[in-house]
2 protein chains.
Amino acid sequence: MDDKLDAIFSALADPTRRAILARLATGKATVAELADPFELSQPAISKHLKVLEQAGLIRSGREANARPRVLEPAALKTIADWIADYRRFWDQSFDRLDDYLSKVQGYEND
Amino acid sequence: MDDKLDAIFSALADPTRRAILARLATGKATVAELADPFELSQPAISKHLKVLEQAGLIRSGREANARPRVLEPAALKTIADWIADYRRFWDQSFDRLDDYLSKVQGYEND
DNA sequence: TAGCTATATAGCCAAATGGTGATATATGGA
DNA sequence: TCCATATATCACCATTTGGCTATATAGCTA
């Protein structure tokens with residue numbers, strides 16, 4: 001699991017890769033579409049995509065001769081869960097809010 | 001701000017540095033105390049601490065000839081905020097919960 | 001002041017990272 | 001079948017990273 005965190009955090013430590021994720025947050029995109037905003041070669045983008053995919057942050061599909069990418073949210077949740085352990089350090093109301101929510105009956109998690 | 005995210009994510013992409021943060025979550029610690037659990041040289045630990053400090057994740061103090069480190073939660077909040085933009089992708093109840101909370105009068109943020 | 005302790009810094013090295021241009025591969029269409 | 005398009009992979013290079021040992025620096029204590 002430590003290896004997984006290594007891969008995810010290090011994948012996110014690059015602004016190009018974060019921009020790619022932001023683009024994928026608006027929906028599926030081909031490599032060419034993902035490369036378009038950047039002044040980088042196509043192989044450079046493919047390398048970034050491989051890093052993101054190996055970290056589990058995206059997935060590849062197949063449509064004709066294109067290989068569209070989609071966001072894979074589970075990896076983001078992994079680090080969100082990691083960071084949640086530190087939330088009490090910056091959010092003083094967190095403990096009480098959490099406690100409050102655990103007693104509320106009006107919301108569901110289906 | 002992109003530079004800040006680069007520095008924070010890349011600082012977190014190392015298990016030694018994450019372990020150091022976990023230790024600091026239990027309170028202030030000297031370099032020697034932080035180095036103790038690892039089979040690494042003291043300079044290696046000092047390097048890791050420098051990376052964490054430059055990312056804003058920790059701060060140095062001064063006590064006699066020791067330089068204790070403390071957690072600096074703001075940097076963690078920075079990436080928590082970044083990741084929150086993606087929360088809707090994995091947490092289907094998030095939008096509704098958020099909506100629900102905005103209507104609730106029973107909790108405060110003081 | 002001399003020496004001990006805590007930590008930082010310097011200089012070095014191997015491996016990983018991020019970029020390049022050139023080329024290989026897979027699919028669909030003429 | 002031949003070609004165009006989309007993407008991956010290869011070989012290379014410069015820079016960064018993470019480790020080491022040796023040494024410097026700062027504060028305490030005798």
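Here is how names work: the chains are called A, B, and so on, in the same order as the sequence lines, proteins then strands, and each is numbered from 1. Note: hydrogens, waters and symmetry copies are ignored here, and every other heavy atom, side chains too, is used. All values reported here derive from a predicted model rather than from experimental measurement.
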Check every strand shown and say whether B:Thr16 touches a base, only sugar-phosphate, or nothing at a heavy-atom separation below 4.0 Å. nothing
Just how far, in rounded Å, is P of C:dG19 from NZ of A:Lys50? 15 Å
Would you mind classifying the nucleic acid contact of A:Ala44 as base, sugar-phosphate or nothing, using non-hydrogen atoms under 4.0 angstrom? base
What is the distance, to the nearest angstrom, from the CZ atom on B:Arg67 to the P atom on C:dT5? 17 Å
Provide, to the nearest angstrom, the distance between the CD atom belonging to A:Gln54 and the P atom belonging to C:dG18. 12 Å
Under 4.5 Å between any side-chain heavy atoms of A:Phe89 and B:Leu76, yes or no? no
Expressed in angstrom and rounded to an integer, what is the separation of A:Asn65 atom CG from C:dG29 atom C1'? 10 Å
d(CG, A:Leu52; C1', C:dT17) in whole Å: 14 Å
Please report the shortest heavy-atom distance between B:Thr30 and B:Glu33, naming the atom on each side. N-OE1, 2.9 Å
Is there a side-chain contact between A:Leu57 and B:Tyr86, using heavy atoms and a 4.5 Å cut-off? no
Check whether any side-chain heavy atom of A:His48 sits under 4.5 Å from a side-chain heavy atom of A:Leu40, and report yes or no. yes
In whole angstroms, how far is the P atom of C:dG21 from the CD1 atom of A:Ile45? 13 Å
Under 4.0 Å, heavy atoms only, any strand: does B:Leu40 hit a base, just the sugar-phosphate, or nothing? sugar-phosphate
Any side-chain heavy-atom pair from A:Arg17 and A:Leu12 closer than 4.5 angstrom? no
Output the rounded distance in Å from NE2 (A:His48) to C1' (C:dA16). 14 Å
Close side-chain approach of A:Arg23 to A:Pro37, heavy-atom, < 4.5 Å: no
Return the 5'-most residue of the pair A:Arg62, A:Glu39 with respect to DNA chain C, ranking by each residue's nearest nucleotide. A:Glu39
Less than 4.5 Å apart, side chain to side chain, heavy atoms only: is that true for B:Pro15 and A:Leu5? no
When rounded to whole Å, the NZ to C1' distance for the pair B:Lys47 and C:dG11 reads 10 Å
Please list, in 5' to 3' order, the outermost nucleotides of DNA chain D lying under 4.0 Å from any heavy atom of chain A. D:dT5 to D:dT9
